[in-house]
2 protein chains.
Amino acid sequence: MDTVPDIVALNEHEPRFEILEAAAACFEARGFASTSIDDVARRLGSTKGRIYHHFSSKTDLFTAVYRHGMEMLHVHLQPLAEREMEPLAKLKLLATEHVRMMLATRAFQRVVWEGVELHLRGATTPEQREAFDALIATRERYSAYFRQAEEAAKAAGLLDYENLSIANQVMFMTLNSPIFWYKPRPGETDADREALVRQIVTYALRGLGARKELIE
Amino acid sequence: MDTVPDIVALNEHEPRFEILEAAAACFEARGFASTSIDDVARRLGSTKGRIYHHFSSKTDLFTAVYRHGMEMLHVHLQPLAEREMEPLAKLKLLATEHVRMMLATRAFQRVVWEGVELHLRGATTPEQREAFDALIATRERYSAYFRQAEEAAKAAGLLDYENLSIANQVMFMTLNSPIFWYKPRPGETDADREALVRQIVTYALRGLGARKELIE
DNA sequence: TTGACAACATACTCAGTAGTATGTTCATAT
DNA sequence: ATATGAACATACTACTGAGTATGTTGTCAA
């Protein structure tokens, strides 16, 4: 049983979806700057015309991939974030599902990462800026799911970190890290993936000061 | 002749050094693919001619920046790694100095990061491949400083992680993370930076299963 | 049957960029 | 004094790649 089945299939029926998947794969493999529209078209077995019919520019395509990546995260975690739970248990749940999503939608999440990087570097034109700011805002809202749980857990004496902003940054680096080095091996089982997820989440929660007994 | 090439720190007064610094700043700001040789030249107040007189290609320039970044790390940490110390204390020392270097030589370390990324993506031509492999090997040797300390500390019951490879990956992501989000603020003091370093190192060591009392 | 439009493909333009070929200047050795 | 080469600048070439303008094909509504 896949952990995130229907999320990935969110827009499967849209004609744009196939292009998004190809673009995500290309951007993941070579990065935004080194990926040409022709690369994406070649992967689709099509030509530029198809892509420019659905997207106005390379940046537009990129932001669409970013948006879809963030949407998958939101759709998956929002209901969990709204549950009434003990804060540390909720943080563990959110972190676990986040890492699962990183593995399940790796290409898209890599694009999200690069989008944040591009934003931090300010490598955007003025018009792009506005669209980009909206995307980053979406990401901020997502981050808030975790931040609230972190603050609540700290207030309850279940976590122990100094600066929330730093703690949040470092925690996300940990949880996002598999998008860089994880490659699914042939013959890999769900149990293998789950073991990976568990180790990453354990590392993150301990890093935030959770005691061992409380996160197992 | 040793199989391990000697690490020779680059002299500040070499004519190539100024170019390396400008290149590192440009690569940090825009990434390898989006940085043109003219960009680097413009930052230097020079023209291409100067750069191509000292470096045979854009890739050659990039690898030189990478190499210098790794050399600075090696020169700084190698003597520490060779000390006889309690493993956990040594790991803490190495981690602390590593993070300090991330802040102090951020632009170069960002290039090292991108170099590893490019290597993981296999985005290199056959000739580049050889030079790249040598660079990655240097990075592997550096990583071994930490790995040995981690293994020794675990054997002594001072750490508690499942898989060494995963633990190492996630730990480095944590320690490297400030190259992405750290920006020196005006009026920032050494104490501010040290507080940042301490929080990151604490997070990393706790993540690996170190008990709170043992790392303070 | 035909018009209209969506969904592409084809064939271009043009700006940017890696790399090269060829000056030019200046210090230093002889 | 002059030859020489290092350290650049200038002025190119060749090519890639984003974006556009213009076909072509199938579908569907009236």
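In what follows, every heavy atom counts, from backbone to side chain, and hydrogens, waters and symmetry copies are set aside. Order of the sequence lines sets the chain letters (A, B, ...), proteins ahead of strands, with each chain counted from 1.
For the pair A:D38 CG and D:dT20 C1', the computed distance is 14 Å after rounding to whole Å. As rounded to whole Å, 13 Å separates atom C1' of D:dA7 from atom CD1 of B:I51. Between the NE2 atom of A:H54 and the P atom of D:dT20 there is a distance of 17 Å, rounded to whole Å. When rounded to the nearest whole Å, the span between CG of A:L61 and P of D:dG17 equals 16 Å. For the pair B:K48 NZ and D:dA11 C1', the interatomic distance rounds to 10 Å; values are reported in whole Å. Separating the NE2 atom of A:H53 from the P atom of D:dT25 is a distance of 17 Å, rounded to the nearest angstrom.
Two rings, from B:Y145 and B:H98, have their centers 6.0 Å or more apart.
Residue-to-nucleotide proximity on DNA chain D shows that, of A:S36 and B:G45, the 5′-proximal contact is made by B:G45. If A:D39 and A:S56 are placed on DNA chain D by their nearest nucleotide, the residue sitting closer to the 5' end is A:D39.
In this structure, A:R139 satisfies the cation-pi test against A:F172, with its NZ or CZ atom closer than 6.0 Å to the six-membered ring centre and inside 45 degrees of the ring normal.
Aromatic ring pairs are classed by plane angle as parallel below 30°, tilted from 30° to 60° and perpendicular above 60°; the pair A:H119 and A:F132 is parallel. Ring pair A:F32/A:F27 is tilted by interplanar angle, where 30° to 60° counts as tilted.
First and last contacting nucleotides of DNA chain C toward chain A (any atom under 4.0 angstrom from a heavy atom, 5' to 3' order): C:dA6 to C:dT10.
B:S34 and B:R30 form no side-chain donor-acceptor contact under 3.5 Å, judged by distance and modelled atom types alone.
Residue B:T47 is in base contact, counting any heavy-atom pair closer than 4.0 Å across all strands shown. Contacts of B:T35 with the nucleic acid, taken as non-hydrogen atoms under 4.0 Å apart, involve only primed sugar atoms and P, OP1 or OP2.
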**OP:** Carefully, step by step, assess A:T174 and B:M173 under the rule side chain to side chain contact (heavy atoms under 4.5 Å, CB included).
**Re:** CA-CA 6 Å; A:T174 303; B:M173 283 297 291; 6.0 Å; no
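A donor-acceptor pair is defined here as one N or O able to donate and one able to accept, closer than 3.5 Å; such a pair exists between the side chain of B:D60 and the backbone of B:S56.
For A:K58 and D:dG19, a side-chain-to-base donor-acceptor distance below 3.5 Å is absent, hydrogens and geometry of angles not being considered.
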